[in-house]
2 protein chains.
Amino acid sequence: MLCVASESVRSRILAAGQRITPQRDLIAGVLEAAEAPLGAQELLDAVALRDAGIGRATVFRTLQSLQDAGVVQHVPLPGDQGGYLLCPTSGHHHHLVCQRCGRVEDLLEDEVALFVGAVARDHGFDIDHAGLELSGHCSGCR
Amino acid sequence: MLCVASESVRSRILAAGQRITPQRDLIAGVLEAAEAPLGAQELLDAVALRDAGIGRATVFRTLQSLQDAGVVQHVPLPGDQGGYLLCPTSGHHHHLVCQRCGRVEDLLEDEVALFVGAVARDHGFDIDHAGLELSGHCSGCR
DNA sequence: GCGCTTCTGATACCTGGTATCATCTGCTTC
DNA sequence: GAAGCAGATGATACCAGGTATCAGAAGCGC
Ligand SMILES: [Zn+2]
Ligand SMILES: [Zn+2]
Ligand SMILES: [Zn+2]
Ligand SMILES: [Zn+2]
């Protein structure tokens with residue numbers, strides 16, 4: 001099989017008990033090569049460009065599989081529906097996105113945990129889900 | 001006109017330069033009476049229950065108007081598309097939602113600003129948009 | 001290679017939301 | 001209180017993102 005995704009991504013897919021198929025390999029490869037989170041339509045287009053035979057449903061199913069495997073995260077963005085991002089690190093974490101160049105940085109989860117803990121304390125809540133969508137302009141785009 | 005929304009909500013709509021119509025009054029009233037954020041379908045149903053003549057487009061347009069007027073906020077929720085919430089305070093702020101009873105509390109914006117400022121400093125970003133989606137269980141539902 | 005299990009593509013469908021446009025109505029002015 | 005106009009409404013069609021179904025195809029462990 002012609003490999004499109006990196007070996008590490010392929011092994012993360014396998015580790016989640018999922019099969020490597022040419023479709024998954026290609027879709028993961030497209031996401032891995034992207035500089036910024038890809039929106040649904042962007043991803044569909046980019047995939048169709050490389051193999052027009054891949055069905056719409058397969059793309060969305062693969063996205064779901066990759067999210068389940070912790071390889072891909074959906075990042076909400078202000079205004080639109082957000083995009084999909086292939087992160088080198090597995091597990092739940094949060095992102096800071098540059099609105100101009102699309103550059104993405106992972107937040108320091110310690111800092112996030114500190115904030116969430118403080119909110120939980122102040123409000124007497126058990127917080128078991130935090131979605132953070134931070135965006136702005138990076139040092140280069142300011 | 002039979003008033004459904006409170007006088008304060010009506011005056012906030014007027015203050016934003018928008019007209020009071022029976023439809024807006026009713027939709028705002030439904031949101032004002034809700035205990036928890038209403039999803040799109042829930043709102044459509046609740047509105048249709050009170051006046052079946054109100055069109056789908058009007059409901060969504062009114063939601064947009066109320067958001068523009070700062071009267072309603074869209075709150076993202078884990079899993080689904082989130083819901084619409086009529087807040088007593090205008091302006092951009094964030095929410096903490098109980099997943100069980102739907103209870104909503106406003107976050108202390110000072111605390112949010114502190115966190116966002118720390119992230120901005122650490123990453124060298126200008127952060128100009130922060131969407132926070134915190135949810136968990138309140139003291140009563142724990 | 002074999003076979004089980006999973007995956008795929010086509011298609012139809014669903015939800016949330018927007019565009020269009022002819023008609024109607026809240027609000028201001030007189 | 002009536003007139004007139006900007007702005008709102010409802011019907012309808014449309015769009016994007018995403019899911020359900022199902023017959024057929026193909027990955028992987030043996
Ligand atoms: Zn990441
Ligand atoms: Zn940038
Ligand atoms: Zn609020
Ligand atoms: Zn609760």
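Numbered from 1 within each chain, the chains take letters A, B, ... in sequence-line order.
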Atom pair distance, as rounded to whole Å: [atom1] in [X] and [atom2] in [N]:
X	N	atom1	atom2	result
B:L14	D:dG7	CG	P	15 Å
A:R19	C:dC7	CZ	C1'	7 Å
B:E42	C:dG16	CD	C1'	13 Å
A:L26	C:dG9	CG	P	11 Å
B:I20	C:dC27	CD1	C1'	12 Å
A:D25	C:dT6	CG	P	21 Å
B:F60	D:dC14	CZ	P	19 Å
A:L77	D:dA16	CG	P	19 Å

Using OP1 and OP2 only, check whether a side-chain N or O of [X] sits under 4.0 Å from [N].
X	N	value
B:Q23	D:dG10	yes
A:Q41	D:dG17	yes
B:T21	D:dT9	yes
B:Y84	C:dG16	no
B:T58	D:dG10	yes

Given [options], the nucleotide with the shortest approach to the side chain of [X]:
X	options	result
B:Q64	C:dG16, C:dC27, C:dT18	C:dT18
A:R61	C:dC27, D:dC28, C:dT8	C:dT8
A:I54	C:dC7, D:dT9, C:dG9	C:dG9
A:P22	D:dG27, D:dG17, C:dC7	D:dG27

Expected output: side-chain A:Q73 to main-chain A:H93 donor-acceptor under 3.5 Å: yes
Taking atom types as they are modelled, is there a donor-acceptor pair under 3.5 Å from the base of C:dG17 to the side chain of B:R56?
yes
Does [X] reach a base, just sugar-phosphate, or nothing at all? Heavy atoms under 4.0 Å.
X	value
A:R24	sugar-phosphate
B:A57	base
A:G53	sugar-phosphate

Residue B:R100 excluded, over 12 heavy atoms near CZ under 6.0 Å: no
State whether a side-chain donor-acceptor pair under 3.5 Å links A:T62 with A:Q23. no
Test item: side-chain donor near acceptor, B:D128 and A:Q99, under 3.5 Å: yes
Reading DNA chain C from 5' onward, which residue's closest nucleotide shows up sooner: A:S65 or A:A52?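 It is A:S65 whose nearest nucleotide is closer to the 5' end.
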Distance-only check: which donor-acceptor pairs under 3.5 Å involve side-chain atoms of residues 107-116 of chain B, not counting sequence neighbours?
from: B:E109; atom 1: OE1; to: B:H94; atom 2: ND1; distance (Å): 3.4
from: B:E109; atom 1: OE2; to: B:H94; atom 2: N; distance (Å): 3.1
from: B:E109; atom 1: OE2; to: B:H94; atom 2: ND1; distance (Å): 3.3

- prompt: Would B:L26 and B:D51 count as a side-chain contact (heavy atoms from CB on, under 4.5 Å) if you check the C-alpha gap in whole Å, the side-chain angles of each, and the deciding distance to 0.1 Å?
  reply: CA-CA 9 Å; B:L26 191 155; B:D51 180 347; 3.9 Å; yes
